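Data block below; observations after.
All chains are named by letter (A, B, ...) in the order of the sequence lines, taking the proteins before the strands, and each is independently numbered beginning at 1. Remember, predicted model here, so these are calculated numbers, not experimental data.
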Number of protein chains: 2
Amino acid sequence: MIKVKAPLRQDSRGRVLDIIRATEPTSRIELVRETSLTPASITHLVRDLLVQGLVREVGQAESTGGKPRTLLRLNRDSMTAIGVQLGAASVALVAANLAGDIVGRQVLRGVADLDPQVIVAFLADAVAELIDNLGLDRSTIAGIGVAMPGPLDISGGYLRNVSYLENLSGFALADELETATGLPIVIDNDATAAAVGEYWLGTTDRHAAYATVYLATGIGSGLVVNGMPYRGSSSNAGELGHVSVDFRGAECTCGNRGCLELVAAPPVLVERARQAPPSAGLGEISRGNVEDAMSQLGILAARGNEAALTIIRDGAELLACGIVTLVNLFDVDMVVLAGPGFTSCAAIYLEAAQKALDSRTLARGVHTVRVVPSASPRDAAALGAATLALQDKLERKPVAAAKK
Amino acid sequence: MIKVKAPLRQDSRGRVLDIIRATEPTSRIELVRETSLTPASITHLVRDLLVQGLVREVGQAESTGGKPRTLLRLNRDSMTAIGVQLGAASVALVAANLAGDIVGRQVLRGVADLDPQVIVAFLADAVAELIDNLGLDRSTIAGIGVAMPGPLDISGGYLRNVSYLENLSGFALADELETATGLPIVIDNDATAAAVGEYWLGTTDRHAAYATVYLATGIGSGLVVNGMPYRGSSSNAGELGHVSVDFRGAECTCGNRGCLELVAAPPVLVERARQAPPSAGLGEISRGNVEDAMSQLGILAARGNEAALTIIRDGAELLACGIVTLVNLFDVDMVVLAGPGFTSCAAIYLEAAQKALDSRTLARGVHTVRVVPSASPRDAAALGAATLALQDKLERKPVAAAKK
DNA sequence: TAACTTATATTAGTCACTAAACAAAGTGTG
DNA sequence: CACACTTTGTTTAGTGACTAATATAAGTTA
């Protein structure tokens, strides 16, 4: 039986690093207050991080009546990770440092039509090129995170995609990619990756429970509670796109009826725009990539095109309906909107979702739910994947030079 | 700020007790295998439980070629807890021992019309009477668990109901009940309590993620992952009844549209039965308590009454739709059906839900989701509440006679 | 300059757990 | 029936992550 690693972030070193990232420059005392650990423990943990070079001391703060605080900062470039977003329409690569800054970025053609082995070589090349272009030292690279749409199959110890990218079905991607690149690989659902990325970037309260709604070709969502993603029993939690919003609705490829994705996913909205009569002034919508077309539609809406506005608003209203369901079931404090679908029309979606949450969730009398845009809407999944690789690396022990 | 207790069941003593309860009679070696703790640790933990009287040694097993195992059993009656299910239609009290056996039971009138202080006195009397009737030693009583429908307000450190039982809104029930009874009080959502109860009774795999759908006057659900309930940020997670199954549907009192509860809750089904023409042969449906009426309807359906069957089937079909949404979002391994709504027609609901899950969830290719009936459908919430009280007591340290 | 503050480090524990050796109680074999 | 071998459980002496209490360092204020 495969040994499952405990899914709990109680790891103090990681938590301390999270807090430093979110609040730098900071000091040991502030860490004491944030963590409810004792000064002694913080001294220890910080020393550890200093020795590993993940954190630096950068001078002193003004005294507040006693010894001045020693300021601590993340040593941002002491570690980098690569994030790959393997979408249906396109592939995005980012390199992110310890702070979650995107230090390199590259967009590639989609791989839906390629052979698995070709995909591996293609990705390995792209990663190698990115590392070279940035002049990164390979020894400082934590690993590669790959984010992809679900449903995923985790059996056999490694995640394998089982649906969207059909030719990858049953292929042990992580294994092959690890062999091809020599770097540790983490694979996760795109929405989950995006959700973890927001935490890393500090968009969300560290103690909050929140969901990230990820709008790309499909509609997904990821949940984070206390800094730990909720993945469900097979890493397929949060499939918002296949929540039914109409029990008498049309049948979906997934087998369900009235799925949100059938009425509110970008391809549907874009198609509606393409079908519009010329008089609507939507002629300019691109025939190519869905993400680009969605983006154009959003821009038209922002410019005041009524037809575009109506299409987006209808989509936003339906998505809001799904978000209300999500909140009634998960009872989160915050919802983050992420993914390429939001790049040009986030405001419309934000407003619709916020309005729905303020008037239609069951627990709205107990607490409000805030809707916020992602700190990095377009690259949320890729960046999130990179942060997953960082997190994975940081969770393992310092490996004090395998001495004896 | 209120200190929040860590929501993680990593407490080994509790886990060991869980395993003994589920697999008794068992032995230390088996515990070693189940927990992946070392023999040394198990020796320690079991000694602890023996000293506290929660567990007994009961002879030996057959040898398997070496020293025979010393068999361990729960000391069932060394601890008892009271569970109260504060429903809209009725109040149920149970007393449960360490094994989750119901050792006493009492059903009371509903309290929706009473004054808060009167409710407290009423409950305190009922609890005292139950304890006396059973001849229980007060010192062995772990506490009282109260399960009630949401939404709940946890602010101020104590849960207070904010909706269904309107006269309890804003009333610090836990505080008052503790004063009146002298016993520690735990309050939780009815569906969450029911879910924890199933775990306690061993209906579910200890490692599985599962949801309990609780059908009473409303429709709720509770989620348990690795033995720990998921409550969301304000203990209002799992409100399945207010998941919208029709975005164009009628407006619900909760503010949302097309809520599942509007079309599939027992009061709705019962009302439909009452409106049926006399020719349908449904004349016998009681005018009183919704739960009784629902039960009668189920019995008529089981006897083959077509009209009753149709009403229940329609309800089951709609509930199944909500359950598919629940599973697509939470990605659980198992769904347990609990609550008074299922008592007489569980089979119809089970079949509808299982069929829907087998054909309509997104991750069905990755793993199947089993639907099972509760081990104690009618008393699931009350029993669950009792187990919450037990769990709460057991999680605190032995309290070695406040010396010094 | 002494007295107070505030920030950090050290020391000596505690707690939950483990590794390794040991003891106890059976079975099988020559 | 003595001896090896299994299997189960215990003991002893740790380890790692944390804390409480005390010490030290580096400022400010009276």
TODO: Decide if the gap between the ring center of Y199(A) and the ring center of Y210(A) is smaller than 6.0 angstrom.
DONE: no
Return the value, rounded to whole Å, for the distance between atom [atom1] of [X] and atom [atom2] of [N].
X	N	atom1	atom2	answer
E62(B)	dT6(D)	CD	C1'	16 Å
H44(A)	dT11(C)	NE2	P	11 Å
D11(A)	dG16(D)	CG	P	15 Å
I29(B)	dT10(D)	CD1	C1'	12 Å
L45(B)	dG9(D)	CG	C1'	14 Å
L31(A)	dC18(D)	CG	P	13 Å
L71(B)	dG26(C)	CG	P	13 Å
E30(A)	dT8(C)	CD	C1'	14 Å

Give a yes/no on whether any side-chain N or O of [X] is located under 4.0 angstrom from OP1 or OP2 of [N].
X	N	result
S12(B)	dC17(C)	yes
S27(B)	dT8(D)	no
S41(A)	dT19(D)	yes
R28(B)	dA24(C)	no
R33(A)	dA7(C)	yes
R47(A)	dT10(C)	yes

Open item on the list: Checking contacts here: which listed nucleotide (dA19(C), dT19(D), dA7(C)) is nearest the side-chain heavy atoms of A40(B)?
Closed with: dA19(C)
Task: Shortest side-chain distance from P68(A), nucleotide among dA26(D), dG9(D), dC17(C) - done: dA26(D)
Open item on the list: I'd like to know if D48(A) and R13(A) make a salt bridge, using a cut-off of under 4.0 Å between side-chain N and carboxylate O.
Closed with: yes
- [ ] Flag the pair E24(B) and R56(B) as a salt bridge only when some basic side-chain nitrogen lies within less than 4.0 angstrom of an acidic carboxylate oxygen.
- [x] no
Open item on the list: Using every non-hydrogen atom in the two residues, find where A195(A) and V224(A) come nearest and quote the distance to one decimal.
Closed with: CB-CG2, 3.7 Å
TODO: Kindly say whether L177(B) contributes a backbone atom to a donor-acceptor pair with the side chain of T181(B) at under 3.5 angstrom?
DONE: yes
Task: Comparing Q60(A) and T38(A) on DNA chain D - which has the more 5′ nearest nucleotide - done: T38(A)
Open item on the list: Both G66(A) and I42(B) contact DNA chain D. Which one's nearest nucleotide lies toward the 5' end?
Closed with: I42(B)
Task: Min side-chain heavy-atom separation V332(A)-V225(A) under 4.5 Å - done: no
Contact class for [X] (heavy atom, under 4.0 Å): base, sugar-phosphate, or nothing?
X	value
S63(B)	sugar-phosphate
L37(A)	sugar-phosphate
T64(B)	sugar-phosphate

